[in-house]
There are 2 protein chains.
Amino acid sequence: MVTSTKPPYDVYDANCPARQVLDRLSDKWALLVLDRLRGGPLRFNSLRRSISGVSQKVLSQVLKRLERDGLISRQVFPTVPVSVEYALTSLGGTLTATVELLTHWAETNMAAIEAAQARYDASLALA
Amino acid sequence: MVTSTKPPYDVYDANCPARQVLDRLSDKWALLVLDRLRGGPLRFNSLRRSISGVSQKVLSQVLKRLERDGLISRQVFPTVPVSVEYALTSLGGTLTATVELLTHWAETNMAAIEAAQARYDASLALA
DNA sequence: CCGAATCCTTACGGATACTG
DNA sequence: CAGTATCCGTAAGGATTCGG
């Protein structure tokens, strides 16, 4: 359905809800974190290890932002040394469910995109 | 619904379809372009003017990428001076339709996110 | 174990000027 | 009109080190 039901928001306004959310999803690590937490709560280093490639600095930044947005929760256990568990909130859960629709689109149409790229690149090669 | 139906892809692999698509959407201008074209084909400068804030360099980069991905089409009219029309392809159309679901989530839940942020910031203020 | 702070590199985006 | 080419400032992200 492409029946343009354009929202009454200004897409150029940084305060536009769509932009707000998309700016968050634009961070690739954020999505990986949310995806990881779908399996249940995880501790910091455990989460870090499960997402290969992310630096500790960036991970803590991302976690802080997601917590601030209410998408994940952070619970500290006063053990020695301290341990911290991160978990998906219900709000975060609905978001990941929605993102999955996009993931599904990707799986369905990635082949078409790759085909288009091949065609494009080929047309450039003979130019 | 949080019933983890995880795709059979490696989310850490840059070739994962989900990543491919999200990396594209991470470009804020790309989304604005796709959104703009939902109203019908537009010429370069027309598109540029309709998206305030984008530089001409970045716009042409974005357009080239979207064309390569098969999400938009580019048609040159041999007028003098030449005019070029960009339009959404059917593939691009299905993507924007899917993105709209995300937009809808944003509209529905943005208030909750802002509330969470306010709570978070308040808890920091008294720390 | 969890995270903050520092340094440093690089890659993106804006402004400007030029071509077909 | 529709780009390409160049320069350049800024800000994001990685590596490393230190603290609670």
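A, B, ... follow the sequence lines: proteins, then strands. Residue 1 opens every chain.
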Any salt bridge between A:Glu100 and A:Arg38, counting N to O under 4.0 Å? yes
Could you tell me whether B:Asp121 and A:Arg68 have a side-chain N and a carboxylate O separated by less than 4.0 Å? yes
What's the closest nucleotide to the [X] side chain, out of [options]?
| X | options | answer |
| --- | --- | --- |
| B:Asn45 | D:dT6, D:dA2, D:dG14 | D:dA2 |
| B:Trp29 | C:dC1, D:dA15, C:dG14 | C:dG14 |
| A:Ser55 | D:dG3, D:dG14, C:dG13 | D:dG14 |
| A:Ser83 | D:dA2, D:dG14, C:dC2 | C:dC2 |
| B:Arg43 | D:dG14, D:dG3, D:dA2 | D:dA2 |

Rounded to whole Å, please give me the gap between [atom1] in [X] and [atom2] in [N].
| X | N | atom1 | atom2 | result |
| --- | --- | --- | --- | --- |
| B:Phe44 | C:dG20 | CZ | P | 18 Å |
| A:Leu42 | C:dC1 | CG | C1' | 15 Å |
| A:Gln56 | C:dT6 | CD | C1' | 12 Å |
| B:Ile51 | D:dA2 | CD1 | C1' | 16 Å |
| A:Gln75 | C:dG3 | CD | P | 13 Å |
| B:Leu59 | C:dG14 | CG | P | 11 Å |
| B:Leu124 | C:dA4 | CG | C1' | 14 Å |
| A:Leu63 | C:dA4 | CG | P | 10 Å |

[X] side chain near [N] phosphate (N/O to OP1/OP2, under 4.0 Å):
| X | N | value |
| --- | --- | --- |
| A:Lys57 | D:dA12 | no |
| B:Tyr86 | D:dC1 | no |
| A:Arg74 | C:dG3 | yes |
| B:Lys64 | D:dG3 | no |
| A:Ser60 | C:dG3 | no |

Can you give me the closest heavy-atom contact between [X] and [Y], atom names plus distance?
| X | Y | value |
| --- | --- | --- |
| B:Val33 | B:Leu47 | CG1-CD2, 4.3 Å |
| B:Arg24 | B:Ala30 | O-CB, 3.9 Å |
| B:Val76 | B:Pro78 | O-CD, 3.8 Å |

Touch class at under 4.0 angstrom, heavy-atom based, for B:Arg48 against every strand present: nothing
I'd like to know if A:Gln61 reaches the base of D:dA12 with its side chain such that a donor and an acceptor end up less than 3.5 angstrom apart. no
Determine whether A:Val99 and A:Leu31 make a side-chain contact, defined as any pair of heavy atoms from C-beta on separated by less than 4.5 Å. yes
Nearest heavy atom decides the nucleotide; on that basis, is A:Val58 or B:Glu85 closer to the 5' end of DNA chain D? B:Glu85
